[in-house]
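Just below is one structure, and these are the notes that go with it.
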Amino acid sequence: MNRFRLALILPRFTLRKHLREGLFITALLASSVLGTALLQAQPMPIDPLWKSEQFRKAITASYGIDSRIEPVITTNEADIIRDSAAAMAAGNREAAIKVYRDSSLLPQSPAMLFNLAGLEFENESLETATELLNDALELFPNFRDAHRNLAVAMVRGDDIETAKVHLYRAVELGARDALTLGLLGYCHAIDEKYQASLDAYRQALMTSPNEAQWKLGEAQALLALNDPEGAASIYGDLLKDTPNDSTLWLAQADAWVQLDDNLKAIAGLEVARRLGDVPAASNLGLGHLYVTEGLYQLASDRYVDAIVTRELSPSRALDALENLVNLEQWPQAREVLTVTEALLRVPTDSEAGEEAEATAEPEEPAQTELSEKDTSRLARAEAMINMRDGDPSEAVQLLEVHLDKFPLDGQALLLLARFRDQQGEREIAEMLLERASRDPEVEADALREHGQLLVTALEYEKGLEKLESSLALDPSEALSEYVVAVREMVE
């Protein structure tokens, strides 16, 4: 009776174990996709702003007569400014700059320094423009637009901390223009202060409702604040005007991922892919999404696209490989293994010497140096593929060679122990499981499998000891039931 009960529980425990592993794989995939998507949630490149008409007008705009925030212009200064403006109206920027440079009034005129800085900025002379604006602020510290324009120069130079100082000062002096507020939103996004970023972008849109850069900023802030539906709506509106912008399709796909709408996310990523080159991380995320939908060949194709770019870290490339291995998609896993090995495996000294002798052609990019952990992951994945969809003896040889280098790799020891057990080599399997149990990462699994092996051999007392140790390390209802059944057999 007890043996019959044990026979019923064992397959049930095994089934539950597989279900638990399946849930783990699903969680891993969700994490991988989300991690890829959140890369896109970083502030969009702000470079397109510098080409916009709104920016050009703001940076070169004339100013009014508020003496608190703008310097008073003398008659002589007004003549110089007018002559320069006339040259600009004729389309001659160099002549407009020369008018200021030739004037002896320039070093002591905040207004002329400010206007010249605007011309130099348009001329892509960022360092010169920055020096001129600093000179203007030394002469007139409350020059509001000079603070704003200097912040622009700092943002373009990636000096966000200095940019914020001048943006805050411009706001203190009453700035409410879209450029000041929009740049402030961008700086807040860089600092991951997304609520402040959202508020600033929305204020900017009140005075400049058609500026795409501020709409993008608003959408990304919403995405970071867990409002993907609002973000997706904004991206959709922007795509109506610029349907060929692959960056927008990628960004909207992030929102669909957060909304758990994988099919729409896949559609958006595929549109972006067909419009042109997409980042390797996006192809990787697309592959993960295909896995969640059970479309394994498409997943493999996108994984290969991502890996061959050499843009992925070894660990992320191995994540893709392990996804297919864990789901037992052997043909697709082998495809990914082939490109992963070619790009990540470090040749042995003898291989490197043979390759050097065999060819005098230009060298290919150096292969990535793998960490010990990633070396183990690659070896285990290759062994599993060969065991299930290739030559098992080759897999065993690979594991044994790997264990000569890394004798404490618990996962590899577990794989080899399972194979030896299947071949009826119980004593070798036990020895391997004993070694594997010394690895904290797999100790519970090694003890459980060792216990099951002993129970199968009717060594109930020894098996119970191993199983109870495993249960203490990794409690589960299924294993607990199994332990109870074995304890009854012992008693």
Side-chain angles (χ1 to χ4, degrees), residues 22-45 48 185 189 192 194-195 197-198 201-202 205 212-307 309 311-312 316 319-320 323-324 327:
L23 290 173
F24 169 76
I25 292 167
T26 302
L28 174 64
L29 289 172
S31 173
S32 299
V33 173
L34 192 58
T36 301
L38 288 178
L39 290 176
Q40 300 294 337
Q42 297 299 321
M44 283 285 208
E192 299 183 2
Y194 297 113
Q195 186 59 57
S197 176
L198 178 62
Y201 278 132
R202 283 179 167 170
L205 285 166
Q213 197 68 35
W214 310 147
K215 292 180 181 179
L216 282 171
E218 180 187 15
Q220 289 185 302
L222 288 171
L223 202 59
L225 292 168
N226 296 318
D227 185 1
E229 190 170 358
S233 176
I234 293 173
Y235 289 132
D237 288 341
L238 289 168
L239 282 167
K240 291 177 184 176
D241 298 326
T242 53
N244 293 326
D245 188 336
S246 61
T247 304
L248 283 176
W249 286 105
L250 290 174
Q252 190 183 50
D254 293 347
W256 295 130
V257 168
Q258 287 198 30
L259 287 165
D260 293 325
D261 196 333
N262 289 347
L263 293 180
K264 285 185 178 179
I266 287 172
L269 288 168
E270 281 291 358
V271 171
R273 194 174 67 82
R274 285 164 170 73
L275 286 171
D277 292 335
V278 297
S282 297
N283 266 324
L284 183 69
L286 181 54
H288 292 333
L289 288 169
Y290 277 132
V291 167
T292 63
E293 296 301 312
L295 301 170
Y296 301 118
Q297 186 56 55
L298 289 171
S300 173
D301 293 342
R302 299 292 77 78
Y303 284 157
V304 169
D305 289 344
I307 293 168
T309 64
E311 295 175 12
L312 297 179
R316 298 192 75 188
D319 285 344
N323 283 345
L324 295 171
L327 291 165

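Computed from a predicted structure; not experimentally measured.
Within the model, atoms CD of Gln252 and CG of Leu238 stand 9.5 Å from one another, a figure rounded to the nearest 0.5 Å. Rounding to the nearest 0.5 angstrom, the gap separating the CD atom in Glu218 from the CG atom in Leu223 is 12.5 Å. Interatomic distance, Asp301 CG to Tyr296 OH, rounded to the nearest 0.5 Å: 15.0 Å. Expressed to the nearest 0.5 Å, how far CG of Asn262 lies from OG1 of Thr292 amounts to 4.0 Å. Distance OG/Ser246 to CZ/Arg274: 13.5 Å, rounded to 0.5 Å.
In this view, Asp227 and Leu222, Glu229 satisfy the side-chain contact (heavy atoms from CB on, under 4.5 Å) rule, not counting sequence neighbours. Scored by the side-chain hydrogen bond (donor to acceptor under 3.5 Å, both in side chains) test, Ser300 finds Glu335 as partners (sequence neighbours excluded). Residues passing the side-chain contact (heavy atoms from CB on, under 4.5 Å) test with Gln195 are Leu198, Asp199, Leu225, sequence neighbours excluded. Every residue meeting the side-chain contact (heavy atoms from CB on, under 4.5 Å) condition with Asp261, not counting sequence neighbours, appears here in chain and number order: Trp256, Leu263, Lys264. Applying the side-chain contact (heavy atoms from CB on, under 4.5 Å) rule to Ile266 yields the partners Glu270, Leu286, Leu289, Tyr290, Glu293; only residues at least two apart in sequence or on another chain are considered.
Between Ala221 and Tyr194, the closest heavy-atom pair is CB-O, 3.8 Å. Nearest heavy-atom pair, Trp249 versus Gly268, reported as atom, atom and distance to 0.1 Å: CB-O, 3.6 Å. The two residues Ala299 and Gly287 come nearest to each other via the heavy atoms CB-O, 3.4 Å. What you find for Tyr303 and His288 is that their closest heavy atoms are OH-ND1, 2.7 Å. In terms of heavy atoms, Leu284 sits closest to Ala320 at CD1-CB, 3.8 Å. Taking both residues in full, the closest heavy atoms of Ala280 and Glu311 are given as N-OE1, 3.2 Å, listed atom of the first, atom of the second, then distance.
Considering Thr247, Leu248, Ile234 as possible partners of Leu216, the one that fulfils the side chain to side chain contact (heavy atoms under 4.5 Å, CB included) test is Leu248.
Looking only at atom types and distance, the side chain of Gln258 has no donor-acceptor partner in the side chain of Asp254 under 3.5 Å away.
Here salt bridge (charged side-chain N to carboxylate O under 4.0 Å, His left out) pairs that include residues 239-253, with residues two or more places apart or in two chains, are Asp237-Lys240.
A donor-acceptor pair under 3.5 Å is formed between the side chain of Thr309 and the backbone N or O of Ala306.
Looking at Leu269 and Arg273, their side chains never come closer than 4.5 Å, going by heavy atoms from C-beta outward.
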